[in-house]
Trainee: 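This is the structure I want to talk about, given as structure tokens.
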Amino acid sequence: MGLGLVFVLAFGLVGCGGGDDDAGVGAGPASTTAPPSAASPTPTPSPTRTYPLSTAPRTIPAVREHVPARGPGWRPGPGSAVVVAPGSDGLADEARLLARELGIAARGEARPRAGDVELALAPGGSGAATPESYTMTVRDGRVRISGPDQAGVFYGTRTVKQAVRSGGAVPEGVVRDRPDRPQRGLMVDIARKHFTAAWLEARVREAADLKLNQLGLHFSDDQAFRIASDSHPEVVSPQHLTKAEVRRIVALAASLHVTVVPEIDSPGHLGAVLAAHPSLRLRDARGTVARGAIDIARPQSARIVDDLLREYAALFPGRYFHVGADEYRALMAQDPEASYPALAAEARRRYGAAGRVQDLATEWLNDRAAVVRAAGKQPKAWNDGIFRGGVVKADEDVEVEYWTGRELGARPPAEYLAEGRPVVNVNDRYLYYVLGQPNQFTYPTGREIYEKWTPLVLRGTQPVPERYSRQILGGRFAVWCDLANAQTQAQVAAGIRTPLRALAQKVWDPRRPALPWQDFAALARRL
């Protein structure tokens, strides 16, 4: 065999993203020499290993920017460890988690050695830096993840974890990454269907690995009330989460930079509360009970709901509280004033001859928003609880969660945006996973989200004008349990797996993805 052929076999081009490289981190270049001969009195020098330019790590969501470089990249080895840069001791939890996930040591605050991953807080940075941004540099057999806040550094560790899982190594080069939208999440209807604490904790971990930062819990509806209550234990359903379980979920979420967003929907969807307080049920002109609707003209109605809001505002320490406001039966009638004359009379008493039932409902929304605001929360409400016209206007700071245009008098999304309102995208055309597929809903596969949806597509399939983009704060994938027994917990988890990953991709970076759908779906199965 000639010497040149030996070189080809021993030193073929390898490198992260450009081929399979099974050499250990820090391994020196292999060499081979031929015995000197009369024709060649000087030994041939050993060649230097070369690498092709690296390619971006395969992750979900994909990193926004990768500057390629030549080198072996980084993979965990026997001597590898995760260390925290001096002065960045707030990252100790992130370091221990990554070390445990990669099966390597955590050495705490220390200077990095060859083969290590270093985590560092780096306040300031470029104008594009946000608390959730990070920079990851892979060079000289080391990884350095830096960011202005713990959340950004944590997302860098998710990139390392996924890159190792998808390709065996983290590619050489520099990643600069940040989310496009500040709110990215999953919402689960735990009222109609009971989900265990363990199942919800698994969703928190899944969301965090996908760089999602919210878990919404819709825990009160007509069918059940699913979290223990001290102020009104009579409304709680037999199957429910204890407060200890909720505290564990919230603590886990906080450690993974996920905010849990509670929702008590009112003045509709209160059937479980009203089962224990039947005198507060709303009745129409014929005396027929309006399903799930509370009588908003009665002071006691507000007292009970506000008791619950204050109680759970203390249980959930996060920034947000969702107060519902959708599908109030009185406002789903063709003529609310004729169908609910008692509410119409109360509206005229409070607001004069121009007062209508929608004004009562808007005042109800503003009052509930004030309760959670006083508890330090940002109020959220569904879009169909915020009306055009009227004597009373919905508070401008209430975040609109836009889900549908199916209701009577539906307002197009641009109306809310033109009023200057902040909006979160929960488009029921793309982002709804409804158990049993009633009302023409179908289980999404994720493909349409990945290929057609962006945060600008708030209703149906058409985007709102680009000028409103910054008012759209993000998006959430929503699991609704209308036919609760249609799927088991395990089936729900499996069914939402790929669409949730598609959502994660598009709220992190709404641009056209580089990977075709088939490749993305395969990556989603692998991660």
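Just so it is clear, the structure is predicted and the values come from calculations on it, not from any experiment.
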Trainee: For the residue pair Ser339 and Arg329, confirm or rule out a side-chain donor-acceptor distance under 3.5 Å.
Mentor: no
Trainee: Begin with the C-alpha distance, continue with both residues' side-chain angles, and end with the deciding distance and a verdict on side chain to side chain contact (heavy atoms under 4.5 Å, CB included) for Val305 and Leu270.
Mentor: CA-CA 9 Å; Val305 173; Leu270 280 173; 4.1 Å; yes
Trainee: Salt bridge or not for Asp177 and Arg64, using N-O below 4.0 Å?
Mentor: no
Trainee: I'd like to check Phe154 versus Leu91 (side-chain heavy atoms, cut-off strictly below 4.5 Å). Are they in contact?
Mentor: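 In short, these two side chains do not touch, never coming nearer than 4.5 Å.
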Trainee: Using a 3.5 Å distance criterion without hydrogens, assess whether the side chain of Gln471 forms a donor-acceptor pair with backbone atoms of Val423.
Mentor: no
Trainee: Between Arg192 and Asp189, is there a side-chain N and carboxylate O pair less than 4.0 Å apart?
Mentor: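 A salt bridge is present here (some side-chain N lies under 4.0 Å from a carboxylate O).
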Trainee: Would you call Lys243-Glu311 a salt bridge at under 4.0 Å N-O?
Mentor: yes
Trainee: Is Arg281 salt-bridged to Asp295, going by a charged N under 4.0 Å from an acidic O?
Mentor: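 The answer is no: the pair does not qualify as a salt bridge.
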Trainee: Mind listing the closest non-hydrogen atom pair of Arg319 and Thr259 along with its distance?
Mentor: N-CG2, 4.0 Å
Trainee: Only counting residues at least two apart or in another chain, list the ones meeting salt bridge (Lys or Arg N to Asp or Glu O under 4.0 Å) with Glu101.
Mentor: Arg158, Lys161
Trainee: Can you check salt bridge (charged side-chain N to carboxylate O under 4.0 Å, His left out) on Asp335 and Arg356, steps first, answer last?
Mentor: CA-CA 10 Å; Asp335 186 343; Arg356 294 184 290 165; over 6 Å; no
Trainee: Between Lys380 and Glu263, is there a salt bridge with N-O shorter than 4.0 Å?
Mentor: no
Trainee: Looking at Ser231 and Asp307, what are the two nearest heavy atoms and their distance?
Mentor: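 Closest approach of Ser231 to Asp307: OG-O, 3.9 Å.
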Trainee: Would you sort out whether Glu419 and Arg411 count as a salt bridge (charged side-chain N to carboxylate O under 4.0 Å, His left out), showing the intermediate values?
Mentor: CA-CA 12 Å; Glu419 292 171 0; Arg411 302 177 67 194; 2.4 Å; yes
Trainee: Check whether Tyr402 forms a cation-pi arrangement with Arg459 (NZ or CZ under 6.0 Å from the six-membered ring centre, at most 45° off the ring normal).
Mentor: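 Judged by the rule (NZ or CZ under 6.0 Å from the ring centre, within 45° of its axis), Arg459 is not positioned above Tyr402.
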Trainee: When the ring planes of Trp382 and Trp480 are compared, do they come out parallel, tilted or perpendicular, using 30° and 60° as the limits?
Mentor: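 Tilted.
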Trainee: Spell out, as yes or no, whether a donor-acceptor pair under 3.5 Å connects the side chain of Asn213 to the backbone of Val258.
Mentor: no
Trainee: Between the side chain of Arg368 and the main-chain N/O of Asp306, is any donor-acceptor distance below 3.5 Å?
Mentor: no
Trainee: Should Met187 and Val479 count as side-chain neighbours, where that means a heavy-atom distance under 4.5 Å?
Mentor: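 SC-SC contact between Met187 and Val479 ruled out.
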Trainee: So does Gln489 get a backbone contact from the side chain of Trp199, meaning a donor-acceptor N/O pair under 3.5 Å?
Mentor: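 At least one qualifying donor-acceptor pair exists.
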Trainee: List the atom of Ala524, the atom of Arg497, and the distance in Å for their closest heavy-atom pair.
Mentor: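 Looking at all heavy atoms of both residues, the closest pair is O-NH2, 3.0 Å.
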Trainee: Could you grab the distance from atom CG of Leu331 to atom CG of Asp384, nearest 0.5 Å is fine?
Mentor: 9.5 Å
Trainee: Got a list of side-chain donor-acceptor pairs under 3.5 Å for residues 434-444, not counting sequence neighbours?
Mentor:
from: Gln437; atom 1: OE1; to: Tyr443; atom 2: N; distance (Å): 2.8
from: Tyr443; atom 1: OH; to: Gly436; atom 2: N; distance (Å): 2.8

Trainee: Using the rule given for side-chain hydrogen bond (donor to acceptor under 3.5 Å, both in side chains), can you reason through Thr159 versus Lys211, listing the C-alpha separation, both sets of side-chain angles and the distance that settles it, and then say yes or no?
Mentor: CA-CA 9 Å; Thr159 296; Lys211 302 184 176 80; 3.0 Å; yes
Trainee: For the residue pair Thr445 and Trp517, what are the closest heavy atoms and their distance?
Mentor: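 Looks like O-CH2, 3.8 Å.
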Trainee: Test of understanding: with ring pair (Phe, Tyr, Trp, His ring centres under 6.0 Å), list the residues that count as partners of Phe387, not counting sequence neighbours.
Mentor: none
Trainee: Does a side-chain heavy-atom distance below 4.5 Å link Leu500 with Tyr433?
Mentor: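 No, every pair of side-chain atoms sits at 4.5 Å or beyond.
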Trainee: Could you check whether the rings of Trp403 and Tyr432 sit parallel, tilted or perpendicular, using 30° and 60° as the cut-offs?
Mentor: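 Correct class here is parallel.
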Trainee: What is the ring orientation for Phe219 with Phe225, classed by angle as parallel under 30°, tilted 30 to 60°, or perpendicular over 60°?
Mentor: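 If you compare the ring of Phe219 with that of Phe225, the planes turn out perpendicular.
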Trainee: Atom CG of Leu186 and atom CD of Gln214: how far apart are they, to the nearest 0.5 Å?
Mentor: 10.5 Å
Trainee: Show your reasoning for whether salt bridge (charged side-chain N to carboxylate O under 4.0 Å, His left out) applies to Arg421 and Glu415.
Mentor: CA-CA 9 Å; Arg421 297 185 181 278; Glu415 279 197 22; over 6 Å; no
Trainee: Roughly how far, to the nearest 0.5 Å, is the CZ atom of Arg512 from the OG1 atom of Thr454?
Mentor: 12.5 Å
Trainee: Just so I know, are the side chains of Val153 and Ile145 near enough to count as touching, which here means a heavy-atom distance under 4.5 Å?
Mentor: yes
Trainee: Under a 4.0 Å N-O cut-off, is there an ion pair linking Arg373 with Asp397?
Mentor: yes
Trainee: Per the side-chain hydrogen bond (donor to acceptor under 3.5 Å, both in side chains) rule, which among His257, Arg184, Arg178 passes with Glu132?
Mentor: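 Result: among His257, Arg184, Arg178, Arg184 is the only option passing the side-chain hydrogen bond (donor to acceptor under 3.5 Å, both in side chains) with Glu132.
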Trainee: Verify the ring-centre separation between Tyr155 and Trp508: is it less than 6.0 angstrom?
Mentor: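 Yes, the ring centres sit under 6.0 Å apart.
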Trainee: Apply the test salt bridge (charged side-chain N to carboxylate O under 4.0 Å, His left out) to residues Arg501 and Glu206: give CA-CA distance (whole Å), side-chain angles for both, the deciding distance (0.1 Å), then the verdict.
Mentor: CA-CA 10 Å; Arg501 281 150 179 76; Glu206 181 179 17; 2.7 Å; yes
Trainee: Between Arg247 and Leu315, is there a donor-acceptor pair closer than 3.5 Å when you use the side chain of the first and the backbone of the second?
Mentor: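 No, because the side chain of Arg247 does not come within donor-acceptor range (under 3.5 Å) of the backbone of Leu315.
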Trainee: Passes side-chain hydrogen bond (donor to acceptor under 3.5 Å, both in side chains), Asp359 versus Tyr351? Steps please.
Mentor: CA-CA 8 Å; Asp359 296 307; Tyr351 315 116; over 6 Å; no
Trainee: Considering non-hydrogen atoms only, spot the tightest contact between Ala414 and Val464 and give its length.
Mentor: N-CG1, 4.5 Å
Trainee: Ion pair present between Asp428 and Arg406, side-chain N to carboxylate O less than 4.0 angstrom?
Mentor: yes
Trainee: Tell me which one of Asp367, Thr362, Asn366 satisfies side-chain contact (heavy atoms from CB on, under 4.5 Å) with Asp395.
Mentor: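 Option passing the side-chain contact (heavy atoms from CB on, under 4.5 Å) with Asp395: Asn366.
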Trainee: So which heavy atom on Ala330 is nearest to which on Leu343, and how close?
Mentor: CB-CD1, 3.8 Å
Trainee: Which value, rounded to the nearest 0.5 Å, describes the distance between His269 atom NE2 and Leu274 atom CG?
Mentor: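 Separation between the atoms: 12.5 Å.
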Trainee: Could you tell me whether Lys452 atom NZ has more than 12 heavy atoms of other residues or ligands within 6.0 Å of it?
Mentor: no
Trainee: For atom CZ of Arg58, is the number of surrounding heavy atoms from other residues, nucleotides or ligands below 6.0 Å larger than 12?
Mentor: no
